[in-house]
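FYI, the numbering just counts along the sequence from 1.
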Amino acid sequence: MKTEVDKIVSLSDGDQTVELQKYLSSLTDDQLITVITKSVLKGKNVGTTIKGIFKGSPSTSTEGSNRRLMLYQHCIPLCESGDLQTEVAADIIGLLMLETHTLSGPSLAQLASLFVEAIKMGKMGSGKSLELFPTVLTALAACEALSYGKGELSGDEYKKQLINSLCSSRWDPQCVIHLTTMFRDVPLSSEELYFLVEKVLRMFSKLDLQEIPPLVYQLLLLSAKGCKKQVLDGIISYFKEQDLRQEEEQKHGESLDLEVQSIPEDQLRHVEGTAILHIVFAIRLDHELGREFLKSFKTSYGDLCPFSVALLLSVSRIQRYEEQVFELLKGAVIKSFKDEQLQQGSKFLQDLLLGHSGIAQMILDTVKNSVFGWDHVTQGLVQLGFFLMDTFGPKPGPFGKITEGSATVARTPTQLACKLGGQVLLQGFKMHEPIRGEILEQVLNRLVTKTASPVNHYLDLFSDIVVSAPMILLESSTKVTETFDHLSYLPLATVQGLLKAVQPLLKVSMSLKDALILVLRKAMFSSQLDGRKSAVTGFLLLLKNFRVLGSLSSSQCSQAVSSSQVQVDVHSRYNSAANEAFCLEILSSLRRCLGQQADVRLMLYEGFYDVLRRNSQLASSIMQTLFSQLRRYYEPEQDLLPPVKLEPCITAHGEQVYLQEPLAHLLSCTVHCLLWLQNMRRSANPNADDSDDDEEEEGYQSELQTILESMTRRMMKSELEDFELDKSAEFSMGSSVGVKNNIYAVLVMGVYEVLMEYNFIKANYSKSHFEELIELFTHYHKLSEILKEKSGKGRVPSSKTPRSLLSLGFVSTLLTVLFRDSTQSREDALSVLRSSGEFVRYAVNVAVQKIQQLEETGHTDGPDGQNADKTFSFLCDMTSVLMWRYTNIPSVVEDAGKKEKRCSLSLLCLEGLLRIFTTCQQRYPDKMAQLLSTMEISEDDAEPDDGNVTEINFFYIRQFQRALFTQLNRGEEEFNSKEAQLLVSILSALSRQLKPSSQQFVQMITWTVKICKETSFEDSAFCKGLLSLLFNLHVLYKTPVSLFLDLCRDIHSQLGDIDQDVEVEKQSHFAIVNMKTATTATLLVLSQIDKVLDEVDWLITRKKSQVASEKSGSEEATQTAGQQDPVEKAVTLQLGTLLTALNELVQTALLPGTCTITLLRELSRTYTILTTLVKYYIQVCASQHGGLPARVEKLVKLSGSHLTPQCYLFITYAQNGEFCGGGADDKKKKKRGEVNSAASAKLLRDTKAIPNLIFSIEQYEKYLITLSKKSKVNLMQYMKLSTSRDFRINAATLDAALQEQDDSQEVRANLKPGSFPKDQ
């Protein structure tokens, strides 16, 4: 054998071609095969042997050609067998490639068939020889003609047939990757490529998970030829499917056996991560691929899934796509939240569509999945988080900053998007170490730099980060200390939030605490007032949180620090001593503030009480500080009146007068601290031991009490003249004297209030003390009346009553004893307070004021005002009392003389209740049931079962329904509109707590409808409230269009027709609609119609995008003519009813002005939406060749034959309305009427409502013509030609004008458009 190989090699080397040919011819095929096999397996002289055989087998002779083919047929399986060394196989394939073009057509065809068969049989395991196949196919395509079956085919056609049969056959999963690689080198037409890509994508599911990334890589390389969108969509949908399967398995994981899990999650995530890397790499190199990728999401956000979100975020690292990706994600997030909100607010949409998966969850899933080594995604996540927070965070209001209250629950789409950004960053911070530093740095940077806009959302995020990972934060504490350096330049709200957030860290990090103290000390001497305020805030916070050993722990002292990681207080060894020295040092710093501006002092007084409560060991220092400060303004001479010096409380600067010392707040702080201490001493130590310390405390306590008693006594004796504040004093804010008197008045009123609270608590229900209290109140009331009266007259309205200094807890106690306390022993004393109507009203007024402050800012002034739990319990007490007062004292009980007062007191109680309910829904959304269950009512009703929230809620709804019913039964003369409106608002607030699916909700609707049908009071404000309630409930129950129709008919019958000759049939579905309230009802109905149009528009847009995406699979999408899509059907029905309702309104003689313009706008919008619907059907008819549903034809008929002609008549009416005067005999009235009509005419012109409407009608008709052609249905037969643009001449008017030519005035009057009849 060796000799044969050697002979072939030597003959080949010696260029003896003829001998070589002879020698090869002498060998049989079998011998030659053996030669080749041996040579190949040994791996020696392979190349030369094969070259020799090629040399000795000229392709021109048949024998040579056959020998060549045999060589190919033998070598290919050899290479696939896996017995050869890799280099040898590669050499052989290389040599065979070089000679392929020399093979004849039939040989090539035979060779190609060999390949196809091998692939079908799954014999292409290693895929080595597949490199040869593209060369074979290319050579084949170049052939002129090949015999195929009985006929002939061109080489190109033959190649097509081969590829077709190859893609249609079954592929062995092992060779999918090799085949995909191989096809990259095959020239393919676009159909062939499409067919091939489909085949490869179908194979994804059959492959092992580990083989997916290399296949993805090969597919992406293949996509350079085309089909980019198809490749990307296929890869994404494969992973989307895997994610869903994974999710399903996790969901049912508990119920199934663990072995069932088909793919372990970590493996899937790693594979996805690699696939993402491949795709991003491909997009970097091929921008066409990138464009295609983004384009597919821009058209429909619905295709997003966790994998594609991760992919987008990874692509965002390529600079040219960064902006586009974030804009796209921003759009998707906000659209997703808006869609969700739209669906939640409408039962009509909920019934039609199933809930969609929100993109927010996908983004959060991506954060969770990125733990599996997706470093290329995390950077994008950080950017996305900040992008959402920056874009959707709270914006500054007019003229700079808004003072936002503490964060309420996120409700609007923008708030939700901002919250999502925060969640992404927080989760990212917890999960990924590498990005922590960057997140922290960016948050802190924003806190420092964004001084012009609110930064609550960043403060919340920072606070969450601190709580979730305090130890991690300590590693980058330098960043926090750098931020401290900017404290004195930051807005106060930011400083407060920042320090509150950092507080847990100060306990464990000495260096951080020291850095903060240094900064605060510097800030103490800042030239900026805000800087000094920041210092006070910081110091007070430190005092609250570093407890001195031996401080009494009141229940509120439990410190709200805590994350499980800060278990140990690092410096506990020298804690108590160090803390005490540290706190006293801070106190001495704070004493300096007592010489600064009023604002700084105010902060100090408001903070001391909380400090004392948390750190009672500091009592003596704090009390002495306050005591010495109070003495400065106290008049020690017992006979002198008044007992306080007001002069030093103010300071003048040029002409300006300022408050220097908020005396009332100082007194309030002192009193509250004193009362708290006495309480604590009493409860902690009932039988007191005498120690020096206690004696010292007793000393200043008794001295303080003496001072307060003396103040009370002398303040009762003092007249207003003693304060230079009698009726003749000037209170205008324009002059410095007026300003000074105003400051004095507010201070004196504050002092009275503080003394009232102190004396009430000290009185212990003794009658004589309560009489003193009423006397103090009488002085207070007198001053407050003067202030009200005087400020009302001034040009500058300063009638805003100063905030009351009574504490929320006291107000709550006061209301309870005034209305609910029936203890026999207190009866005498309390009758003193109860008999003063003014005092009772004052108490309720202050309660309402406090609740309002809580609603707006989330906290109230005074002690415990910042403590959410305490404030909530006070709210509960007040709710119970106000509710009892309102329901249990009917007007009949009170005598006629007090009738007026009674009403206002009941109204105040109601207003208080309404504010409490709205506050609770905003600030404590989860505690509404708790609030309601504390309100006990002694009524005939059985007490509701506490367990059922809906029951409790409905129990109170019934109470208020009964109250409203009583109001309505009184008759119109005695009807109190304000009270009825408040009741309706309360019912609205409470009904929000009912589940729309509950039976109680249905009862609530039925009741509201009944009231609307039976109440005929001419009160437009009440009508507005009641109808709004009806609409808000109805939309959650079912679509309200039928309701609109009834209301529009009522409005039409009340206001009459635009053609005075037409008698409108009198009908009244809802008695609440009458002459007086019809305009209000019209505006409300129109605003609701607008909402329904929004929904319809949203549905049509949704359907349009579905049709567009279904175009690819249009065969399956064809509908049968008789069966209409439920969404299309619903849209058509909604629009049909709306058109009928609008048809009623268009014939109604509406008043010129807002009503007319709003109607014209809504009509114009209706036609625009009809046009959108027509465009949708044009699209459907074009893509699916389906017939037009009969319902749509009816809708077009309704719009053309009924609504459009009426619209044109209404336009004429509206234009004529511009020129109609008031029509009243009285000259004044006539003049006013003319002014009004002139104003409304101008409004009509400015808003361009009429031209817009005509344009939208004409657009609608234009597209109807197109639809008629596409659908082969003549829709234009229902349209009448418009005359609205024509010049209108009325013959009768013209004749009359010509006859009376002399009177030129009259001619001019007659030719006014107002005189044209309306029936042309």
Check whether any side-chain heavy atom of C673 lies under 4.5 Å from a side-chain heavy atom of L626, and answer yes or no. yes
Does one side chain, of R714 or S710, offer a donor that lies under 3.5 Å from an acceptor on the other? yes
Between Y633 and E661, is any side-chain donor less than 3.5 angstrom from a side-chain acceptor? yes
Report yes or no: does Q415 contribute a side-chain atom to a donor-acceptor pair with the main-chain N or O of T412 at less than 3.5 Å? yes
What pairs of donor and acceptor atoms, side-chain ones from residues 744-757 against any protein atom, are under 3.5 angstrom apart with sequence neighbours left out?
unit_1, atom_1, unit_2, atom_2, d
Y744, OH, E647, OE2, 3.2
Y752, OH, M715, O, 3.1
E753, OE1, L805, N, 2.8
E753, OE2, Y780, OH, 3.4
E753, OE2, S804, OG, 3.0
E753, OE2, Y842, OH, 2.4
E757, OE1, S807, N, 3.1
E757, OE2, S807, OG, 2.8

Considering residues, nucleotides and ligands other than K740, do more than 12 of their heavy atoms fall under 6.0 Å from its NZ? yes
Might you work through the side-chain contact (heavy atoms from CB on, under 4.5 Å) test for L704 and M623, ending with a clear yes or no? CA-CA 10 Å; L704 248 180; M623 289 309 290; 3.6 Å; yes
Do T451 and T494 make a side-chain contact, defined as non-hydrogen atoms from C-beta onward lying under 4.5 Å apart? no
Just so I know, are the side chains of Y758 and L667 near enough to count as touching, which here means a heavy-atom distance under 4.5 Å? no
Ring geometry between F627 and Y700 (parallel below 30°, tilted from 30 to 60°, perpendicular above 60°): tilted
Pairing donors with acceptors under 3.5 angstrom, does anything connect the side chains of Q597 and R601? no
Just how far is it from atom CG of L444 to atom CG of L498, taken to the nearest 0.5 Å? 7.0 Å
Once you round to the nearest 0.5 Å, how far does CG of L663 lie from SG of C649? 4.5 Å
Student check: side-chain heavy atoms of F429 and L425 closer than 4.5 Å: no
Quick one: closest heavy-atom pair of E724 and A729, and the distance? O-CB, 4.0 Å
Between S736 and Q656, do the side chains contain a donor N or O and an acceptor N or O under 3.5 Å apart? no
Pair Q852, E856: side-chain N/O donor-acceptor within cut-off below 3.5 Å: yes
Please check this pair: side chain of D722 against backbone of L641, looking for a donor-acceptor N/O pair closer than 3.5 Å. no
Nearest 0.5 Å, what's the CG-CG distance between D861 and L602? 8.5 Å
Just wondering, are more than 12 heavy atoms of other shown residues or ligands nearer than 6.0 Å to CD in Q705? yes
Can you confirm whether the side chains of R532 and Q596 place a donor and an acceptor under 3.5 Å from each other? yes
Considering all heavy atoms of both residues, which atom of I786 and which atom of L725 are nearest to each other, and what is their separation? CD1-O, 4.5 Å
If you look at every heavy atom in A501 and P504, which pair is closest and at what distance? O-CD, 3.2 Å
side-chain contact (heavy atoms from CB on, under 4.5 Å), that's the test. Do R631 and E703 meet it? Break it down for me. CA-CA 11 Å; R631 272 195 179 139; E703 201 173 334; 2.3 Å; yes
For a side chain to side chain donor-acceptor pair (under 3.5 Å) check, start with the C-alpha distance between S732 and E730, then their side-chain angles and the critical distance, and finish with the verdict. CA-CA 6 Å; S732 77; E730 184 187 350; 3.0 Å; yes
Could you tell me if the side chain of V466 sits less than 4.5 Å from the side chain of V502, heavy atoms only? no
Donor-acceptor check, side chain of K513 to backbone of L542, threshold 3.5 angstrom: yes or no? no
For T871 and Y924: C-alpha separation, side-chain torsions, deciding distance, then whether side chain to side chain donor-acceptor pair (under 3.5 Å) applies. CA-CA 11 Å; T871 31; Y924 312 96; 3.2 Å; yes
Check: S468 side chain, I465 main-chain N or O, donor-acceptor pair, under 3.5 Å: yes
With T651, which residues qualify under side-chain contact (heavy atoms from CB on, under 4.5 Å), at least two apart? Y658, Q660
P642 to E635 - nearest heavy-atom pair and separation: O-CB, 4.0 Å
Just by modelled atom types, is the L854 backbone N or O under 3.5 Å from a matching donor or acceptor in the T857 side chain? no
What I'd like to find out is whether the side chain of L516 reaches to under 4.5 Å of the side chain of L487, using heavy atoms alone. yes
I'd like to know if the side chain of N867 reaches the main chain of D869, judged simply by a donor and an acceptor atom lying under 3.5 Å from each other, with no hydrogens or angles considered. yes
Could you check V448 against Y489 for side-chain contact (heavy atoms from CB on, under 4.5 Å), going step by step and ending with a plain yes or no? CA-CA 9 Å; V448 173; Y489 308 107; over 6 Å; no
Out of curiosity, S589 OG to F525 CZ, how far, rounded to the nearest 0.5 Å? 7.5 Å
Hey, is the main chain of S477 close enough, under 3.5 Å, to the side chain of T481 for a donor-acceptor pair? yes
With heavy-atom distances below 4.5 Å as the criterion, would you say the side chains of L459 and L447 are in contact? yes
Main-chain N/O of K479 paired to S476 side chain as donor or acceptor, under 3.5 Å: no
Indicate yes or no: at least one non-hydrogen side-chain atom of L787 is less than 4.5 angstrom from one of L783. no
By ring-ring contact (aromatic ring centres under 6.0 Å, His included) - contacts of F386 (at least two apart): none
Other residues, nucleotides, ligands: >12 heavy atoms within 6.0 Å of K645 NZ: yes
Could you tell me whether Y634 atom OH has more than 12 heavy atoms of other residues or ligands within 6.0 Å of it? yes
Keeping N615 on the side-chain end and V611 on the backbone end, is there a donor-acceptor pair under 3.5 Å? no
Separation of M603 CE from L590 CG (nearest 0.5 Å): 10.5 Å
Quick one: do E441 and R436 satisfy salt bridge (Lys or Arg N to Asp or Glu O under 4.0 Å)? Show the steps, please. CA-CA 8 Å; E441 195 168 331; R436 280 176 192 154; over 6 Å; no
State plainly whether the residues D864 and R613 are in salt-bridge range, i.e. N to O under 4.0 Å. yes
Over all heavy atoms of both residues, which pair between P491 and D530 is shortest? Give the atoms and the distance, please. CA-OD2, 4.2 Å
Apply side-chain contact (heavy atoms from CB on, under 4.5 Å) to T860 and F874, showing your working. CA-CA 12 Å; T860 62; F874 293 146; over 6 Å; no
Can a donor-acceptor pair be found, under 3.5 Å and without considering hydrogens, that links the side chain of R915 to the backbone of Q853? no
Where is the tightest heavy-atom contact between S628 and T625, given as atom of each residue plus distance? OG-O, 2.9 Å
Interatomic spacing from CG in L492 to CG in L529 - rounded to 0.5 Å: 9.0 Å
